[in-house]
Amino acid sequence: MTLFDGVYPFYPQQRKAAVFDISTIIVIVVFLTLACSFLLIIPGIRGRARLYWTLRVLLSLFVGVVIVVVQFTGDWETGWVQANTSYKSFSHVQVSADIGLHIGLAGVNVTLRGNPVNQINETINYNEHFPWSFGADYDRSYSEGLEKGLPSPILYVAEKFSTQSPCAVHRQYRIAGHYASATLWVAFCTWIISNILFSMPVLIYGGYMLLVTGAFMIFSLLSFSTVRNSPMCVIQIGTSTLHVAYGGSFWLMLAIGLLCFVVGITIVAMHHLNLDLLKTFFDLREDKAEEYQEMPEVFINPHFVNKDLSPSQPSEINSN
């Protein structure tokens with residue numbers, strides 16, 4: 001039974017989305033505002049510099065938004081399984097549903113979606129968030145889920161990550177997510193420093209800081225990957241097994257980290273091999289035509305020239 005818009009009466013608030021939430025949307029809107037502000041002034045840049053500025057600014061903003069957004073996404077590890085399972089505790093009623101597990105740096109989302117959604121006179125479409133970040137109490141969130149009477153598949157999956165679970169993976173995921181998040185914030189700071197160095201301009205040091213940014217992004221991936229060192233409990237739902245694998249945020253962070261390495265190495269190499277080309281790309285190289293331009297033609301009134309000439313000067317000038 002539902003109240004309206006698919007929200008159950010015993011839920012005081014909407015559930016957090018598995019991948020995107022309010023924090024993610026706010027970060028994306030802020031960076032899109034910066035990008036649109038730059039696009040408004042881009043017509044004032046002339047020549048090839050317009051293309052170079054557009055490429056540099058949009059690429060830099062894309063790296064920055066990815067570093068911040070993945071802090072709030074919930075798809076560092078994901079897994080889905082379709083199974084026939086019991087819907088409520090102490091009930092033999094079975095439903096056909098898709099069960100999803102989405103693991104982020106700050107917690108886990110468990111999704112239950114009926115197949116079809118409307119079964120046994122109910123709308124089966126759940127998405128529950130259980131946080132484990134520092135300052136959050138995972139066990140309390142799990143206990144509140146028990147009090148609400150959440151469906152059995154959600155409670156079963158969430159119980160695997162509790163502190164009392166024999167799986168003992170709660171501590172590993174919590175610490176790994178904490179250090180991965182801290183490392184990403186350091187990467188965000190080095191990204192800001194690299195942009196400052198590029199604008200000063202100190203190109204080679206900006207390239208070095210871009211390499212440091214990529215290194216911290218890779219370190220965050222290594223930190224999160226340490227959870228694979230501990231054996232993961234089997235999540236058996238009905239006759240099916242739910243397996244998790246690295247999700248979109250993990251692979252996106254790997255791609256951006258490698259991109260920072262490639263761009264940083266390219267800038268450092270160009271600084272030593274072809275500095276003029278590097279300065280041209282950063283719009284720092286003066287135009288040769290302007291640097292060595294000839295003096296423009298000057299017209300002189302011959303009346304004033306003849307008046308000021310002394311008698312000892314050549315007669316050719318006087319004749320003019």
Side-chain angles (χ1 to χ4, degrees), residues 5-6 13-43 51 53-78 80 100-111 113 125 127-136 177-196 198-199 209-210 212-214 216-221 223-224 245-264:
D5 292 336
Q13 72 280 332
Q14 294 282 350
R15 279 88 74 189
K16 174 176 175 164
V19 178
F20 292 101
D21 62 342
I22 298 300
S23 301
T24 303
I25 296 175
I26 291 175
V27 172
I28 293 176
V29 168
V30 169
F31 277 87
L32 283 178
T33 302
L34 295 175
C36 293
S37 301
F38 170 76
L39 293 177
L40 290 177
I41 65 174
I42 198 65
L51 176 62
W53 271 95
T54 303
L55 181 61
R56 294 200 316 268
V57 171
L58 294 184
L59 181 61
S60 179
L61 288 177
F62 180 69
V63 172
V65 72
V66 168
I67 294 175
V68 179
V69 162
V70 294
Q71 304 261 9
F72 308 103
T73 55
D75 61 338
W76 281 69
E77 282 187 340
T78 60
W80 283 93
L101 176 60
H102 313 276
I103 302 174
L105 300 182
V108 58
N109 278 71
V110 185
T111 302
R113 186 180 304 126
N125 191 8
N127 183 59
E128 298 298 325
H129 179 67
F130 301 91
W132 57 44
S133 58
F134 288 95
H178 172 73
Y179 282 107
S181 178
T183 308
L184 285 177
W185 283 120
V186 176
F188 181 71
C189 294
T190 58
W191 170 79
I192 294 177
I193 295 174
S194 68
N195 284 278
I196 294 175
F198 284 138
S199 62
M209 290 308 299
L210 204 55
V212 174
T213 301
F216 277 108
M217 295 169 74
I218 299 300
F219 290 157
S220 68
L221 298 178
S223 176
F224 184 79
Y246 291 127
S249 294
F250 184 92
W251 297 116
L252 179 61
M253 182 57 55
L254 178 61
I256 298 301
L258 295 178
L259 177 63
C260 289
F261 272 120
V262 171
V263 175

Sub-3.5 Å donor-acceptor pair from the side chain of W251 to the main-chain atoms of Y246, do we have one?
yes
Rounded at 0.5 Å granularity, tell me how far CH2 in W191 sits from CD1 in I256.
12.0 Å
Hey, does L184 have a side-chain heavy atom less than 4.5 Å from the side chain of M253?
yes
With the side chain counted from C-beta on, respond yes when T213 and I67 share a heavy-atom pair under 4.5 Å apart, and no when they do not.
yes
Answer yes or no: is there a donor N or O on one side and an acceptor on the other, between the side chain of S181 and the main chain of H178, under 3.5 Å?
no
Residues two or more places apart in sequence or in another chain: which of them pass side-chain contact (heavy atoms from CB on, under 4.5 Å) with F261?
L211, A215, I218
With rounding to the nearest 0.5 angstrom, report the CG to CG distance, L259 to L59.
5.5 Å
Separation between CG (L61) and CZ (R56), nearest 0.5 Å, reads 12.0 Å
Kindly indicate, with the supporting measurements, whether the criterion side chain to side chain donor-acceptor pair (under 3.5 Å) is fulfilled by H129 and N109.
CA-CA 4 Å; H129 179 67; N109 278 71; 2.9 Å; yes
Please check: side-chain N/O of S60 versus main-chain N/O of V57, any donor-acceptor pairing under 3.5 Å?
no
May I ask you to test the H102-W80 pair for a side-chain heavy-atom distance under 4.5 Å?
yes
Polar side-chain atom of W76 near backbone of V70 as donor-acceptor pair, under 3.5 Å:
yes
Kindly give the heavy-atom pair with the smallest separation between M217 and A187, and that separation in Å.
CG-CB, 3.9 Å
Any donor and acceptor pair, going by atom type alone, linking the side chain of S223 with main-chain N or O of F219 inside 3.5 Å?
no
Could you walk me through whether I103 and W132 pass side-chain contact (heavy atoms from CB on, under 4.5 Å), step by step?
CA-CA 11 Å; I103 302 174; W132 57 44; 3.6 Å; yes
Could you give the distance from SG (C260) to CE (M209), rounded to the nearest 0.5 Å?
11.5 Å
Are side-chain heavy atoms of V212 and I193 found at a separation under 4.5 Å?
no
Evaluate the side-chain proximity of T183 to F216: yes if any heavy-atom separation is below 4.5 Å, no if none is.
yes
Mind checking whether F224 and E77 have side chains closer than 4.5 Å, heavy atoms only?
yes
Working to the nearest 0.5 angstrom, can you tell me the gap between L258 CG and L254 CG?
4.5 Å
In this structure, CZ of F38 is separated from CG of L58 (nearest 0.5 Å) by 6.5 Å
